[in-house]
Amino acid sequence: MDAPLSPATPATLPTVAVVGLGTMGTGIAEVLARAGREVIGIDVSEEAAVQAVTALEASTARGVRRERLTEDERRDILSRFRTSTDLQAAADADLVIEVAPESYEIKQEIFRGLDAVVRPDTILATGTNALSVTRLAADSARPERVLGLHFFNPAPAMKLVEVVSSVLTAPTAVAAVTDLALELGKEPVAVGDRPGFVADGLLFGYLNQAAAMYEAKYASREDIDAAMKLGCGLPMGPLALLDLIGIDTARTVLDAMYAESRDRLHAPAPVLKQLSEAGLTGRKSGRGFYTYAEPGSSEVVRDAQTPLAGEAAEGARTIRSVGVAGSGTMASGIAEVFAKAGYDVVLAARSEEKAEAAKSRIGKSLSRSVDKGRMTAEAAAETLGRITPAGTYDAFSDVDLALEAVAEDLEIKQQLFATFDKVCKPGAVLATTTSSLPVVACARATTRPQDVIGMHFFNPAPAMKLVEVVRTVLTGDDVHATVREVCAKIRKHPVDCGDRAGFIVNALLFPYLNNAIKMVQEHYASLDDIDAAMKLGGGYPMGPFELLDVVGLDVSLAIEKVLHREFRDPGLAPAPLLEHLVAAGCLGRKTGRGFREYARR
């Protein structure tokens, strides 16, 4: 991706040295040279220096081919970049950015060397994402000129830059690098000095939990990654992302975070140590959680863990008709999904009026699809015609699959499953859409627990592709096979998981959201900066506070409590700030106020 060009005469820090010409250092050097800075790239390896020049030549050549640069502009960029293997080359720099390996010893040696050669007013920045900026500053001869400048990979494309101050950093130095980041076309976020800062501080805890989930054999690597991509709209799954970042790098960051927080959620999962010490560090080595075509390749190749494609579901029961219990958004959305796929659907609620209202909601949804050209009016009419509203669950007497989408209350669901047990025919599959309650508790309310399974759809059901298929220890193999086959027919992506709190998505998502709340509670960063950091630095479609307000703070708190109760981990205890907001009735968008205020409709 081509960065925007700045004016010919840069206003801020016109000469910058970059120490360490690996992938990140080379990317930062490119951003600076494109933005009109004189850039000195320094690396102890002559080979790394040559590779950095070659990478810039290739990148700018692509820019010319794509008509994003002229040949003259390309020559100017290349002329502004020179390399050296000697720190002395940084003598005239206004700013030095160190991007060496994550080691105090290496970084301190570089800073001592820079102290001896740069001007007294030169700003020294470290690109660390795991080590203490304060510790590096304290060892420098000019601690007031030392700060953190954390770019994200790939630096030319990623907009976020975290500007990290220590208690020793001069405000003028912070102002200068903040202005520089803006002139580079980046979005700077001001943060204090703690391991991981904002983006990695939230991201790596989530990645660590995903690794632990995989290690426990709770779900396959493919299902964990698919669940987070399809359930949360993330660009990559957590295990694929760990392979991209480098498993050894992730372990280093987590070690630093745990050393400060002593939060078990940051204690590196043993599998990270095992893979690192075996040299299986991810893409760069050719193997990590996945296996790649060769070291450095992004192409995933089949290995012993790869599931067979197109495996037929053996022993699946025949499903022709479906009963959906409930009258809310989720129930009507699920009924719409099944009717679109050609199933006859009985939509039952506590009264005929509620069931009719739910069918009417589906009619409006189908009309919107027609208006947007996604289906014909005839197809919409046929779909709606397959849905029969009912005011009693007796209407489920002949359905092959009975699925409930009622209130997230265990007692209510157990009563409903006892009703299913009485009215549904033998051999019918009984499913719950719960997102947080034990499926086995619903199963035990029946005399046929082998027929009970979880099918956790995501809201809005017609749009979201993911279904978490939740087996209990009592669920029959044929029932599991049936539900996976049904998911394929309704064009959803099933992921298998066991019957424990949060399943895959919520078990990984809500601790991340809770940690974001703790950052605000501790006055470490603002709502806006945290949301910006996760969208720009992590590729999240929404920041954590945007998402919390959409989900509902009361719903979020209930899920946090379930996770804490099940796993007994102190780090999962709901943040007091979340509890206070819920107690005050600030539940998010639905009440007009949550973490932010919203206009009343």
Side-chain angles (χ1 to χ4, degrees), residues 216-220 223 227 313-326 330-331 334 338 343 345-346 348 392-457 467-490 492 494-507 559 562-563 565-567:
K217 295 183 168 55
Y218 175 69
S220 70
D223 280 355
E314 293 183 16
R317 302 178 188 179
T318 301
I319 304 294
R320 295 188 183 87
S321 59
V322 178
V324 179
M330 182 59 84
I334 292 170
F338 277 100
Y343 289 95
V345 179
V346 178
T392 171
Y393 298 124
D394 290 342
F396 285 1
S397 60
D398 199 40
V399 301
D400 303 306
L401 166 64
L403 191 150
E404 68 76 20
V406 299
E408 194 73 345
D409 180 296
L410 185 56
E411 189 175 338
I412 291 172
K413 289 184 188 291
Q414 287 175 316
Q415 289 172 356
L416 185 53
F417 270 84
T419 300
F420 284 175
D421 195 32
K422 291 173 185 172
V423 303
C424 293
K425 66 186 181 184
V429 174
L430 312 180
T432 172
T433 62
T434 182
S435 63
S436 59
L437 300 173
V439 177
V440 75
C442 297
R444 291 295 303 277
T446 74
T447 60
R448 39 176 150 172
Q450 72 280 1
D451 291 339
V452 178
I453 196 166
M455 288 183 74
H456 179 214
F457 287 77
V467 175
E468 290 178 319
V469 177
V470 188
R471 294 186 70 163
T472 77
V473 292
L474 303 173
T475 303
D477 289 343
D478 58 336
V479 170
H480 174 249
T482 301
V483 167
R484 286 193 63 92
E485 189 174 88
V486 164
C487 285
K489 289 180 178 175
I490 61 175
K492 299 298 181 187
V495 296
D496 286 329
C497 50
D499 185 19
R500 73 180 202 190
F503 310 136
I504 297 174
V505 174
N506 285 350
I559 294 171
V562 167
L563 291 171
R565 191 161 58 241
E566 173 125 336
F567 297 108

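The basis for the numbers below is simple: all heavy atoms, side chains too, and nothing from hydrogens, waters or symmetry mates.
Scanning all heavy atoms of the two residues, the minimum distance from P494 to V469 falls at CB-CG2, 3.8 Å. F396 and A325 make their closest contact through CZ-N, 3.8 Å (heavy atoms, listed as atom of the first residue, atom of the second, distance). Of all heavy-atom pairs between L410 and A441, the closest is CD1-CB, 3.8 Å. Residues A501 and A507 come closest through the heavy atom pair O-CB, 4.0 Å. Scanning all heavy atoms of the two residues, the minimum distance from V470 to G498 falls at CG1-O, 3.5 Å. Taking both residues in full, the closest heavy atoms of L430 and C424 are given as CD2-SG, 4.0 Å, listed atom of the first, atom of the second, then distance.
The CG atom of D223 lies 8.0 Å from the SG atom of C497; values are rounded to the nearest 0.5 Å. The distance from atom OG1 of T318 to atom CG of L401, rounded to the nearest 0.5 Å, is 12.5 Å. To the nearest 0.5 angstrom, T433 atom OG1 is 10.0 Å from M455 atom CE. In this structure, OG1 on T432 lies 11.0 Å from CD1 on I453, to the nearest 0.5 angstrom. Here N506 contributes atom CG and S435 contributes atom OG; the two are 5.5 Å apart, rounded to the nearest 0.5 Å. Here D421 contributes atom CG and L416 contributes atom CG; the two are 11.5 Å apart, rounded to the nearest 0.5 Å.
Side-chain contact between T446 and D451 is absent, with no heavy-atom pair separated by less than 4.5 Å. Counting heavy atoms from C-beta outward, M330 and V324 have side chains that stay 4.5 Å or more apart.
Under a 4.0 Å N-O distance rule, the pair E404/K413 qualifies as a salt bridge.
In this structure Y343 satisfies the ring pair (Phe, Tyr, Trp, His ring centres under 6.0 Å) test together with F338, sequence neighbours excluded. Evaluation of the ring pair (Phe, Tyr, Trp, His ring centres under 6.0 Å) rule for F417 yields F420 as partners, not counting sequence neighbours.
Atom CZ of R444 has 12 or fewer neighbouring heavy atoms from other residues, nucleotides or ligands inside a 6.0 Å radius. The 12-atom threshold is not exceeded at NZ of K422, counting heavy atoms of other residues, nucleotides or ligands nearer than 6.0 Å.
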* Asked: Can you check side-chain contact (heavy atoms from CB on, under 4.5 Å) on T434 and C442, steps first, answer last?
  -> CA-CA 10 Å; T434 182; C442 297; 5.7 Å; no
* **Intermediate values then yes/no, side-chain contact (heavy atoms from CB on, under 4.5 Å), V346 and Y393** => CA-CA 9 Å; V346 178; Y393 298 124; over 6 Å; no
* Asked: Does the side-chain contact (heavy atoms from CB on, under 4.5 Å) test come out yes or no for V322 and V399, once each step is laid out?
  -> CA-CA 5 Å; V322 178; V399 301; 5.9 Å; no
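One N or O on the side chain of E408 and one on the backbone of S436 form a donor-acceptor pair closer than 3.5 Å. Within the 3.5 Å criterion, the main-chain N or O of V505 finds a donor-acceptor partner in the side chain of E468. Side-chain N or O atoms of T475 include one that pairs as donor or acceptor with a backbone N or O of V452 at under 3.5 Å. Within the 3.5 Å criterion, the main-chain N or O of D499 finds no donor-acceptor partner in the side chain of T472. Checked by atom type and distance alone, the side chain of E485 never pairs as donor or acceptor with a backbone atom of A316 at under 3.5 Å. A side-chain donor-acceptor contact under 3.5 Å links T419 to the backbone of Q415. Of the possible polar contacts, one joining the D400 side chain to the R320 backbone as a donor-acceptor pair under 3.5 Å is found.
Each of V439, V440, L474 was compared with P449 under the side chain to side chain contact (heavy atoms under 4.5 Å, CB included) criterion, and only L474 meets it. Residue R317 is tested with V486, V429, V483 for a side chain to side chain contact (heavy atoms under 4.5 Å, CB included); the sole match is V429.
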